[in-house]
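Counting from 1, the numbers follow the sequence of the chain as shown. For clarity, every value in this text was computed on a predicted model and none was experimentally measured.
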Amino acid sequence: MMELTTEQFIHDFELTLNEQQQTILSTATPSELFVALAHTIRQYYTPLWIERNKKLQENKDKIAYYFSVEFLPGRMLETNLLNLGILDVVKEGFAQLGIDFTQVKQAEHDMALGNGGLGRLAAAFMDSLATTGYAGFGNGLRYKYGLFKQRIVNGYQVELPDAWFGSIGNVWETRKDHDIVDVRFFGNVYMTDAGNGKLKPVYSDAQVLRAVPYDVPQLGYGNGVVNNLRLWDVEIPEEYELSYPTIEDRRRVEDITAVLYPDDSSDEGKKLRLMQEYFMTSAGLQTIVKSYLKLGLPLERIYEKVSVHINDTHPAVAPAEFMRILIDEYGLEWDDAWNATQKVMSYTNHTILSEALEKWHTGLFAHVLPRVYQIIVEIDNRYAAQMSAQGVDYETIENTRIVRNNQVHMAHLAIIGGHSVNGVAQIHTELLKEDTLRDFYKVSPEKFNNKTNGIVQRRWTQIAAPGLSKTIDKWIGQGWRSDIHELRKLNEYVDNSQAQADFWEVKQLAKQRLADYIEQTTGVHVTTDAIFDVQVKRLHAYKRQLLNVMHIIKLYWDIKDNPEGEFTPRVFIFGAKAAPGYHFAKSIIKIINELANLINNDEQIGDKLKVVFLENYRVSLAELIIPAANVSEQISLASKEASGTSNMKFMMTGAVTMATLDGANIEIKDEVGDDNIVIFGMTKDDVYNHYATRDYYSRGIYDNDPVIHRVVNTFVDGTIPNCQREGSEIFDALITYNDEYFLLQDFTSYVEAQEHLTQLYADRARWMHMSMTNIANSDKFTSDDTIRQYAQEIWNLSLPSHGKHRI
């Protein structure tokens, strides 16, 4: 850890505030104080960053480059302070100066470079790569706006620009002009004789744009290692400025790095998204090759020093673009380039849903990326010929081709163009082999492996739940802070009454903080005596927020039928964004909010039942919600959720998981045991059996189960006000269109599980045994271990000697 006294910090901070912000403590705003603090921290880590890059170059260490369209780190201030080992010093220094650290912390905007689990995982991996000491760098886009800022108006989701840059910008980034590269789009490409029997591509009328890198340091925990996250921005090269005479022309260029996931419901939107993905990928690969060549090693053996990882299908153009660079720009022969490409590239699949795997119409692709399309067609033709020569049957070859039915299948390109394909939970990987990618598994089983997702335990304990962390320290010491596996020592105390009392108190304090936030932001008063039941994640039909809503409706009717009956108070907390074009998901948000208005304002119900939808769910809000949860809702239809990571965060902070046997829930169950998790619903085999037999008939369940009949009718009988259209849409989805995600099938099991959970909560000793068991056995899900598996089993990285020691 960095050696820094409080006195030295105060001196450095005040000097930076005076010189850079040109103000003094008594007049500085929280934003000015934050910027000054950030620049002070930069002074501390910059020498480490320079030394790290110098050593990697000198030692010619192999580097893994993690390509992702999303990175979602949240606020970086506390992470950087914690990892440098000076968080407590800074807090003490601020206390002496009379500065409210929390206010300064909140002046930092979440880095809105992602949407949900995909981006949060990528950010976790950046943290863990630096902490484990491996040389792993990120490659993404420098979005000016996040996905969107969600506001709830009259119960509806309204999308506003998420201008996270604000007036401060990104205080952690550094522009690197020496690595600027050009990226080409459109135009025509024809081949000309370059001599020696080689052809050379000639571009005409191409659009040339400049890719400008901004580097964001990624600090390891207590070890002095600083890795890099490179984010690309777009500019118009000076020599082409006359080609963009109007503001509108320039805006079309700037749109490439304006917003994450531009609306692709139109052809223009599709084109922009493809340009965005290629821009990031091409720029990153170009600089990787240039950096490698400085080592003086042969290009055809670049795989010995470079790994490129494709996180989901967004950067899956990488194998074709890498081939273009090696062949067109550096003159490698096809076979040498292809051998290098396959050994460099690896791919993580994040979905079981085949329809979610990215595909592009061949006409659009060829128009936007003419040369890359030529290369993809060549890869595809050679692949088909090779498979045929190996005796692979025609149907399998056709099912696995890259170009098929006038579409470019990006997952197929990533699999064929690389040496490794991994899923992100045991069940997910098995389903990829059995279903989504079964033809590829039949052809290349050696490429498939599993890497269960993980989380950065430091953020979700030491930063988000400092009170919890101190209580863990009290009972097992501080060793777990650097070795998370020491959490297992807590198993010795799960039935210790004093330990249970301590951990109960920590949870109650976290619940009170959240309750205060709820009242402040929504006006709804909730009691911490209630069970805090939380479902926070992207709003999607397969994640089944609607099943949660149906259970709430049942509880509402139970209370209305028997208002004097005994009832354990429950607070149901939702947080979720729906994709702007996802109409059904937005209807569910409207239903949740109108149901909340109905219940929260019913005096007969009072504190027995509350429903809260917290708008604009993001990392910093998750840090407030997750430590306060008693119950973690992980209720996706079995076989649909790849892994999940919120389930791990809830587990680590002492929530009990209410779950289907889906994603990483299965592995959580394996760690805590059947008695310390609440499981309900169909298995993936049950689901697949329904698919095979087509025997599911939701109307039959609706007609024959009076409880379900009443719950479903509530959507359309006027009970829930102001949402007749949305209620009808939900009714139709459940009954008219046969309930695609089997909510009615799983409802009774879910209700029984919820009743069992209520009984468990009533026995505090039993509940705290469960809660503490979850904390004690959450160490399996550290992203530090996950990233070690990637580094050793996929990327073949060695641990640099300068990345092994703490400072």
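Asn450 and Thr452 form a side-chain donor-acceptor contact under 3.5 Å, judged by distance and modelled atom types alone. Gln457 and Thr782 share a side-chain donor-acceptor pair at under 3.5 Å. Side-chain N/O atoms of Tyr221 and Asn223 include no donor and acceptor closer than 3.5 Å. Side chains of Asp662 and Ser636: a donor-acceptor N/O pair is present below 3.5 angstrom, by distance only. A donor-acceptor contact under 3.5 angstrom links the side chains of Ser128 and Ser783, judged on distance only. In the model, Ser307 has no side-chain atom that pairs as donor or acceptor with a side-chain atom of Asn796 under 3.5 Å. With 3.5 Å as the limit, one finds no donor-acceptor pair spanning the side chains of His769 and Asp675. Judged by distance alone, the side chains of Glu70 and Tyr261 do bring a donor and an acceptor atom under 3.5 Å apart. The closest side-chain donor-acceptor pair between Asn422 and Thr348 falls under 3.5 angstrom. Side-chain atoms of Arg570 and Gln754 form a donor-acceptor pair, as typed in the model, at a separation below 3.5 Å. No donor-acceptor contact under 3.5 angstrom links the side chains of Asp502 and Thr471, judged on distance only. Under 3.5 Å, the side chains of Asn777 and Asn491 contain a donor-acceptor pair of N or O atoms. Side-chain contact annotation: Thr660 with Gln634, donor-acceptor N/O pair under 3.5 Å absent. Side-chain contact check for Arg764 and Gln500: no donor-acceptor pair (N or O, by modelled atom type) lies under 3.5 Å.
Considering only heavy atoms from C-beta on, Leu437 comes within 4.5 Å of Ile415 through its side chain. Within the 4.5 Å cutoff, the side chain of Val672 has no heavy atoms near those of the Thr657 side chain. Side-chain contact between Thr683 and Asp686: present, with at least one pair of heavy atoms (C-beta onward) separated by less than 4.5 Å. For the pair Val656 and Val631, the minimum side-chain heavy-atom distance is 4.5 Å or more. Looking at Ile588 and Leu539, their side chains come closer than 4.5 Å, going by heavy atoms from C-beta outward. For the pair Lys577/Asn616, a side-chain contact is recorded, criterion being any heavy-atom separation below 4.5 Å from C-beta on. Here the side chains of Phe742 and Met682 are in contact, with some heavy-atom distance below 4.5 Å. Side-chain contact between Thr429 and Asn449: absent, with no pair of heavy atoms (C-beta onward) separated by less than 4.5 Å.
Salt bridge annotation for Asp779-Arg488: present, with a cationic side-chain nitrogen under 4.0 angstrom from a carboxylate oxygen. A salt bridge does not link Arg75 with Glu623: none of the charged nitrogens is closer than 4.0 Å to a carboxylate oxygen. Salt-bridge annotation for Lys470 and Asp473: absent, with no side-chain N of the basic residue lying under 4.0 Å from a carboxylate O of the acidic one. Using a 4.0 Å cut-off between charged nitrogen and carboxylate oxygen, Asp784 and Arg458 count as a salt-bridge pair. Asp127 and Arg459 are not joined by a salt bridge, as no carboxylate oxygen comes within less than 4.0 angstrom of a charged side-chain nitrogen.
Note: Phe574 and Phe613 have parallel aromatic rings, judged against thresholds of 30 and 60 degrees for the angle between ring planes. Ring geometry for Trp795 against Tyr66 counts as perpendicular: the plane angle is over 60°, on a 0 to 90° scale with 30° as the lower cut.
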>> Checking Glu793 against Lys451 for the salt bridge (Lys or Arg N to Asp or Glu O under 4.0 Å) test, could you report, in this order, the C-alpha distance in whole Å, the side-chain angles of both residues, the deciding distance, and whether it holds?
In response: CA-CA 10 Å; Glu793 299 169 17; Lys451 300 288 175 282; 2.9 Å; yes
> Can you list the steps and then say if Ile463 with Leu82 is a side chain to side chain contact (heavy atoms under 4.5 Å, CB included)?
Replying inline: CA-CA 8 Å; Ile463 291 175; Leu82 179 74; 4.0 Å; yes
> Should Tyr582 and His540 be marked as a ring-ring contact (aromatic ring centres under 6.0 Å, His included) after you check the CA-CA gap, both sets of side-chain angles, and the distance that decides it?
Replying inline: CA-CA 8 Å; Tyr582 194 173; His540 198 290; 5.1 Å; yes
> Could you go step by step and tell me if Arg481 and Gln462 meet the side chain to side chain contact (heavy atoms under 4.5 Å, CB included) rule?
Replying inline: CA-CA 8 Å; Arg481 290 179 179 248; Gln462 297 184 62; 3.1 Å; yes
>> Test side chain to side chain contact (heavy atoms under 4.5 Å, CB included) on Gln792 and Tyr134; report intermediate values, then the result.
In response: CA-CA 10 Å; Gln792 295 164 13; Tyr134 286 103; 3.1 Å; yes
>> Pair Ser771, Asn774 - check side chain to side chain donor-acceptor pair (under 3.5 Å), show working.
In response: CA-CA 5 Å; Ser771 174; Asn774 273 268; over 6 Å; no
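Of the inter-residue distances, the one linking Asp435 atom CG with Ser639 atom OG reads 8.5 Å to the nearest 0.5 angstrom. To the nearest 0.5 Å, the span separating CD on Glu358 from OG1 on Thr351 amounts to 12.0 Å. A distance of 9.0 Å separates OH of Tyr761 from CE of Met768, quoted to the nearest 0.5 Å. Separation of atoms CG (Asp533) and CG (Asn548) is listed at 6.0 Å; rounding is to 0.5 Å. Of the inter-residue distances, the one linking Asn227 atom CG with Thr132 atom OG1 reads 8.0 Å to the nearest 0.5 angstrom. Rounding to the nearest 0.5 angstrom, the gap separating the CG atom in Leu797 from the NZ atom in Lys62 is 6.0 Å.
Under the rule for a salt bridge (charged side-chain N to carboxylate O under 4.0 Å, His left out), Glu755 has no partner lying at least two apart in sequence or in another chain. Phe67 is linked by a ring-ring contact (aromatic ring centres under 6.0 Å, His included) to nothing, counting only residues two or more places apart in sequence or in another chain. With sequence neighbours left out, the side-chain hydrogen bond (donor to acceptor under 3.5 Å, both in side chains) criterion links Lys669 to Asp674. Considering only residues two or more places apart in sequence or on other chains, Lys447 meets the salt bridge (charged side-chain N to carboxylate O under 4.0 Å, His left out) condition with none of them.
In His756, the NE2 atom is not crowded: 12 or fewer heavy atoms of neighbouring residues, nucleotides or ligands sit closer than 6.0 Å.
Within the structure, every pair that satisfies the salt bridge (charged side-chain N to carboxylate O under 4.0 Å, His left out) test and touches residues 630-649, not counting sequence neighbours, is listed here: Lys543-Glu641. A ring pair (Phe, Tyr, Trp, His ring centres under 6.0 Å) check over residues 477-502, counting only residues at least two apart or in different chains, returns the pairs Trp475-Tyr493.
Ring centroid separation for the pair Tyr691 and Tyr696 does not come in under the 6.0 Å cut-off. Annotation: Phe440 is in aromatic contact with His412 [ring centroid separation under 6.0 Å]. Taking the six-membered ring for Trp and the full ring otherwise, His309 and Tyr65 have centroids separated by 6.0 Å or more.
Here the shortest heavy-atom pairing between Asn139 and Leu229 reads N-CD1, 4.1 Å.
For the side-chain hydrogen bond (donor to acceptor under 3.5 Å, both in side chains) criterion with His350, the lone passing option out of Asp312, Asn453, Asn311 is Asn311.
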